[in-house]
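So you know, we letter chains A, B, ... as the sequences are listed, proteins then strands, and number each from 1.
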2 protein chains.
Amino acid sequence: MSGQPKGWEAIRAEVLRRIRARDWAPGEAIPNEADLAAEFGCARATVNRALRDLAAAGVLERRRKAGTRVALHPVRKATLDIPVTRAEVEARGQSYSFRLLQSEMALPPVPVALKLGLAPGSRLLHLRTLHLADGKPFLHEDRWLNPAALPQPLPDFAAISANEWLVTHVAYTSGDIAFSAENASDAEAAILGLPKGTALFVTERSTWSEAQPITAVRLAHAPGYRLHTLV
Amino acid sequence: MSGQPKGWEAIRAEVLRRIRARDWAPGEAIPNEADLAAEFGCARATVNRALRDLAAAGVLERRRKAGTRVALHPVRKATLDIPVTRAEVEARGQSYSFRLLQSEMALPPVPVALKLGLAPGSRLLHLRTLHLADGKPFLHEDRWLNPAALPQPLPDFAAISANEWLVTHVAYTSGDIAFSAENASDAEAAILGLPKGTALFVTERSTWSEAQPITAVRLAHAPGYRLHTLV
DNA sequence: GCGGTTATTATGTGCAGACATATTAGCCGC
DNA sequence: GCGGCTAATATGTCTGCACATAATAACCGC
């Protein structure tokens, strides 16, 4: 009817405005696509694009035939970027380097083997790497790699960090990430040059390619590390 | 030419397969939309939908005229759900409760005032809340609220947690979240019933409605807390 | 009333064509 | 060779139409 918004982003903005203004209250159904298209004077596909985007953001809930309604619990979703360590350090304007502390075939600890779903007794490549920013310890990486799932030949991990090599040479299909806080053990404190017990920000990740486990890694960040995101 | 995939998801899957199979290597440009549409025997809009989705996932990078290329640094994006504390506790199958420890108008510390962009001397409502899971300390919430930006009247925050009331009564337009690890201070350790120095997982959030600051909050999680997500 | 089948409805997706817009590549004059 | 203008090009978006699909609502026989 009245429509002056142009483009699907304008429509998204207007719908969002109405939700925020409580014109359309949480849990309440909003007009269907055809009606909105008529009101805004655009094609239904354009309205669809806008509403689909809001649904992806968790603001709306849509079901066929049932229609579109304002989400009751705005499950607020944040998206995190998971960069390569080198890029992360360089983005802070610091110089990046790393030292390979250990590289050997070994039997992984039970939790790692379980998590990756490996047969007992499978041996993996165990890498421990210290990443440095401006020469100071930044991150301790403790990684288990499944050679059977990797393209051969493997590189010299003292020359290229496993982190970086994997990103450019192995495509994973799925994985999971967990963040937590831990007190530094004696050993880890020594490696990072910190007092024992210092609170470390820990990232644990495991990745698969199809059904094959590729790697499980634990990253212990030096104090001051913050994972930041906008919503 | 050959195309049998049907639907934009099939096209996305096929493109992804080629990327993973290294048919199209990282950094390399892939055929343009028109060519792919011809190959798959579908409309360009359908290819566009698939490629747009992969670009949103960080797998592809697209620029007008420059074309589409496989992302060099698969800046993997993970989406986090940020639930209300009550829902989070109940999702673990535990019973939720909370205790309001403090509620008073006060002058916020400088970092908080700066972060919210407040004029010096502005007074805010300071709330401290202990959230419990099965009666045990789960989360210590230290919140500064800007009453000027809130709908009146304010509720009794001893009866409904600020967390929950805000979600259902105040729509924010933007905000930011940061995660870090900190050693528990004496005071915080006492509140959470932990030894001093315990590593705490800390979430800091601030939110705005338009240009108005609404709230800044610091959440200190008891040990064992993990933020988890799939990619 | 009750259970199960059928019709209706809102969203999901597809197509072909058109125009908009950002960027690059090439051209031109100096 | 170099700076700046211009044209070419790939993506971004919109339209109007069509059909598919999922889920509800209506109906009907019992």
Query raised in the report: What is the per-nucleotide protein-contact pattern of nucleotides 18-26 of chain C, from the 5' end, where B denotes a base atom under 4.0 Å from a protein heavy atom, S denotes such proximity for sugar-phosphate atoms only, and - denotes neither?
Result: B--BBBB--
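- Distance, B:E33 CD to C:dA16 P: 15 Å, rounded to whole Å.
- Between A:N32 and C:dT9 there is no side-chain N or O to OP1 or OP2 distance below 4.0 Å.
- Remark: aromatic rings of B:F201 and A:F201 are close, center separation under 6.0 Å.
- Positionally, the nearest nucleotide of DNA chain C for A:T68 lies more toward the 5' end than for the other of A:T68 and B:A45.
- Of the candidates C:dA16, C:dG12, C:dG14, the closest approach to any side-chain atom of B:A43 belongs to C:dA16.
- The side chain of A:R62 places an N or O atom within less than 4.0 Å of a non-bridging phosphate oxygen (OP1 or OP2) of C:dG12.
- Note: CD (B:E9) to P (C:dT13) measures 6 Å, nearest angstrom.
- The side-chain heavy atoms of B:W8 and B:R12, taken from C-beta on, include a pair separated by under 4.5 Å.
- For residues 137-154 of chain A, every residue pair satisfying the salt bridge (charged side-chain N to carboxylate O under 4.0 Å, His left out) rule, not counting sequence neighbours, is listed here: A:E141-A:R143.
- The environment of A:R99 atom CZ is sparse: at most 12 non-hydrogen atoms of other residues, nucleotides or ligands sit within 6.0 angstrom.
- Of the options B:R49, B:R64, B:R44, a salt bridge (charged side-chain N to carboxylate O under 4.0 Å, His left out) to B:E33 is made by B:R44 and by none of the others.
- Nearest heavy atoms, B:L118 versus B:P213: CD2-CG, 3.9 Å.
- Between A:E61 atom CD and C:dA10 atom P the separation is 19 Å, expressed in whole Å.
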Report task. Check step by step if salt bridge (Lys or Arg N to Asp or Glu O under 4.0 Å) holds for B:E14 and B:R20. Result -> CA-CA 10 Å; B:E14 172 60 13; B:R20 299 216 211 275; over 6 Å; no
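- Between A:N48 atom CG and C:dT13 atom C1' there is a gap of 9 Å when expressed in whole angstrom units.
- Under the 3.5 Å distance criterion, with hydrogens and angles disregarded, a donor-acceptor pair is assigned to the side chains of A:D176 and A:S206.
- Here chain B contacts DNA chain D (any atom closer than 4.0 Å to a heavy atom, that is under 4.0 Å), and the contacts span D:dT9 to D:dT13 from 5' to 3'.
- Put simply, CZ on B:R49 is 8 Å from C1' on C:dT13, counting in whole angstrom units.
- Counting to the nearest Å, the P atom of C:dT11 and the CG atom of A:L60 are 11 Å from each other.
- Residues B:N48 and B:R52 have side chains that bring a donor and an acceptor to within less than 3.5 angstrom of each other.
- Per the geometry, CG belonging to A:L54 stands 15 Å off C1' belonging to C:dT11, to the nearest Å.
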